[in-house]
Amino acid sequence: MKKTVVIIGGGAAGMSAASRVKRLKPEWDVKVFEATEWVSHAPCGVPYVVEGISPKEKLMHYPPEVFIKKRGIDLHMKAEVIEVEQGRVRVREEDGEHTYEWDYLVFANGASPRIPAVEGADLPGVFKADLPPDAVAITSYLEQNEVNDVVIVGGGYIGVEMAEAFSARGKNVTVIERGERVMKNAFDREVTDVLEEEMRKRVNLRTQEILMRIEGEGRVERVVTDAGEYRADMVILATGIRPNVELAREIGVRIGETGAIWTNEKMETSVENVYAAGDVAETRHLITGRRVWIPLAPSGNKMGYVAGSNIAGKEVHFPGVLGTSVTKFFDVEIGKTGLTEAEAIKEGYDVRTAFIKAQTRPHYYPGAKPIWLKGVVDNETNRLLGVQAVGAEILPRIDTAAAMLTAGFTTRDAFFTDLAYAPPFAPVWDPLIVLARVLKF
């Protein structure tokens, strides 16, 4: 029997869900409503468009025509869902409001930036850096106005990446972080110390300062904190995001303890035939088993795939996440998987840790660069709980560690993992193996 599936949101999770349903049930009617003119978009690419190393058009993995013509998805763009009821949604489109019926509903409407409630946040020249339209707005403003001084509020992933983008363009960059260090919620201090040392060479990094107001006549001119005043021709607000759960509340969907939509392993919500995936949904942490909200692109895509599979009758379970992530500031890469020491202690683990410095090549092979690794281990079981890395060529170490954590490796398992070796790629004792050796087993 033909069914109608309505998906709210045309980002990674939404289009993954839509594509999966159409693959398994090509005769079904799959409708996707996306509020912007961007679909299958890559918000993670926004800083690199601003930096000028990627054209804004590349922020869509596939153009709309692929989904409409090749996959048969009924894609509505510039279509904002404004009301959700049992069996129907009301949508505001360019030609007016319309009502559509559904047999299955998927919330894949992501998250929105947290805008500080301060005077001047709406001045021209003040931007968020959340979605592809923001990249277009920022680059257009740069082209049309003289911008020399840029203030970035927030020292998380987006704040660090945007600091690199503007610094690479030759701008005078100030980063204001209210915490005692950048990326405090994601990494332990030893790791962020390495990153901050590099950042301070290139930007004016101001920690433990609170944004008070943004000032300007006609456009932004300065930023005022509780400790100083900074000239600003442009301001980027990178102060975090929140899941878009308002529509889900309308239909009685349970909101989880994290503030995102509660889902089970099939991405089902508490309401029958209603699913959630991506940045709007919470899930389970693979180490602790606790409910977590860690909005990242790889898990969002997989959540959408799982939701679409189950809607179409093929049972697939989403096991959870480790929060594996990487980014960089110029030549300093930083990444993690699993728990930090602070997170593990908060969860009640009795831990031991090690923080090592190594090289990415043997000393006799050119191109060797420093890499620092931190490991966290459960003293009771010797199980590896988390790995953090900073420096050069961290991705293979973080990805390998993520596989180890998923499999429940102990330090002994990690030490005896048969990793590849050749001088152009790694030293005979790979830094990850050295870390396991220092952690002991």
Side-chain angles (χ1 to χ4, degrees), residues 1-22 24-25 27-39 64 67-68 72-112 131 241-283 293 295 300 303-313 318:
M1 182 177 177
K2 182 178 178 179
K3 300 287 187 179
T4 298
V5 181
V6 163
I7 298 169
I8 305 175
M15 298 317 297
S16 290
S19 298
R20 185 61 174 159
V21 173
K22 289 298 286 188
L24 297 173
K25 298 287 186 179
E27 73 280 9
W28 283 16
D29 180 16
V30 177
K31 300 180 184 296
V32 176
F33 298 102
E34 167 56 40
T36 74
E37 58 186 8
W38 297 77
V39 67
F67 299 104
I68 298 169
I73 295 168
D74 185 13
L75 175 60
H76 297 240
M77 303 179 73
K78 295 185 178 179
E80 181 185 2
V81 177
I82 56 177
E83 186 178 19
V84 177
E85 301 178 313
Q86 186 62 46
R88 64 177 58 88
V89 296
R90 189 157 58 94
V91 186
R92 182 184 295 123
E93 302 185 68
E94 290 184 292
D95 62 347
E97 292 185 5
H98 302 277
T99 298
Y100 300 90
E101 296 185 349
W102 56 266
D103 298 297
Y104 294 95
L105 179 67
V106 181
F107 287 103
N109 50 327
S112 294
L131 293 172
I241 59 175
R242 57 172 181 78
N244 295 322
V245 299
E246 294 79 12
L247 288 172
R249 290 185 190 276
E250 290 184 4
I251 201 171
V253 166
R254 174 184 170 188
I255 306 303
E257 59 192 79
T258 67
I261 297 174
W262 178 91
T263 62
N264 63 16
E265 291 182 341
K266 296 167 69 173
M267 306 315 300
E268 295 172 320
T269 72
S270 60
V271 175
E272 187 178 6
N273 296 334
V274 178
Y275 294 70
D279 290 358
V280 76
E282 69 174 25
T283 184
W293 179 60
M303 286 178 175
Y305 180 93
V306 169
S309 297
N310 287 299
I311 288 170
F318 184 74

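Side chains included, hydrogens not; waters and symmetry mates left out as well; all remaining heavy atoms used.
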Side-chain donor/acceptor pairs under 3.5 Å, residues 248-262, sequence neighbours excluded:
from   : atom 1 : to     : atom 2 : distance (Å)
Glu250 : OE1    : Val84  : N      : 3.0
Thr258 : OG1    : Ala260 : N      : 3.2
Thr258 : OG1    : Glu282 : OE1    : 2.6

(message) I'd like to know if the side chain of Thr269 and the backbone of Val274 have a donor-acceptor N/O pair within less than 3.5 Å.
(response) yes
(message) Strictly distance-based, threshold 3.5 Å: is any side-chain N or O of Asp103 a donor or acceptor partner for the main-chain N or O of Thr4?
(response) yes
Closest heavy-atom pair and its distance - [X], [Y]:
{"X": "Met15", "Y": "Ile73", "value": "CE-CD1, 4.2 Å"}
{"X": "Trp102", "Y": "Arg88", "value": "NE1-N, 2.9 Å"}
{"X": "Phe67", "Y": "Ser19", "value": "CE2-OG, 3.8 Å"}
{"X": "Glu97", "Y": "Ile82", "value": "OE2-CD1, 3.5 Å"}
{"X": "Glu34", "Y": "Trp38", "value": "CG-O, 3.1 Å"}
{"X": "Ser112", "Y": "Asn244", "value": "OG-OD1, 2.7 Å"}

(request) Check the pair Ile7, Val30 against side chain to side chain contact (heavy atoms under 4.5 Å, CB included), reporting the backbone distance first and the verdict last. (result) CA-CA 8 Å; Ile7 298 169; Val30 177; 4.1 Å; yes
(message) Between Lys2 and Glu27, does any NZ, NE, NH1 or NH2 come within less than 4.0 Å of an OD or OE carboxylate oxygen?
(response) no
(request) Evaluate the criterion side chain to side chain contact (heavy atoms under 4.5 Å, CB included) for residue pair Gln86 and Val271; output intermediate values, then yes/no. (result) CA-CA 10 Å; Gln86 186 62 46; Val271 175; 4.1 Å; yes
(request) For the pair Trp28 and Tyr104, name the ring-plane relationship: parallel under 30°, tilted 30 to 60°, perpendicular over 60°. (result) parallel
(message) How long is the straight-line distance from CD of Glu94 back to CE of Met77, given to the nearest 0.5 Å?
(response) 10.0 Å
(message) Once rounded to the nearest 0.5 Å, what's the spacing between atom CD1 of Ile8 and atom CD of Glu80?
(response) 10.5 Å
(message) Is the shortest side-chain heavy-atom distance between Lys25 and Lys3 below 4.5 Å?
(response) no
(message) I'd like to know whether CD of Glu246 has more than 12 heavy-atom contacts from other residues, nucleotides or ligands below 6.0 angstrom.
(response) yes
(request) Could you check Trp293 against Ile241 for side chain to side chain contact (heavy atoms under 4.5 Å, CB included), going step by step and ending with a plain yes or no? (result) CA-CA 11 Å; Trp293 179 60; Ile241 59 175; 3.8 Å; yes
(message) Could you walk me through whether Glu268 and Asn310 satisfy the side chain to side chain contact (heavy atoms under 4.5 Å, CB included) test, starting with their C-alpha distance in whole Å, then the side-chain angles of each, then the deciding distance to 0.1 Å, before giving a yes or no?
(response) CA-CA 9 Å; Glu268 295 172 320; Asn310 287 299; 5.8 Å; no
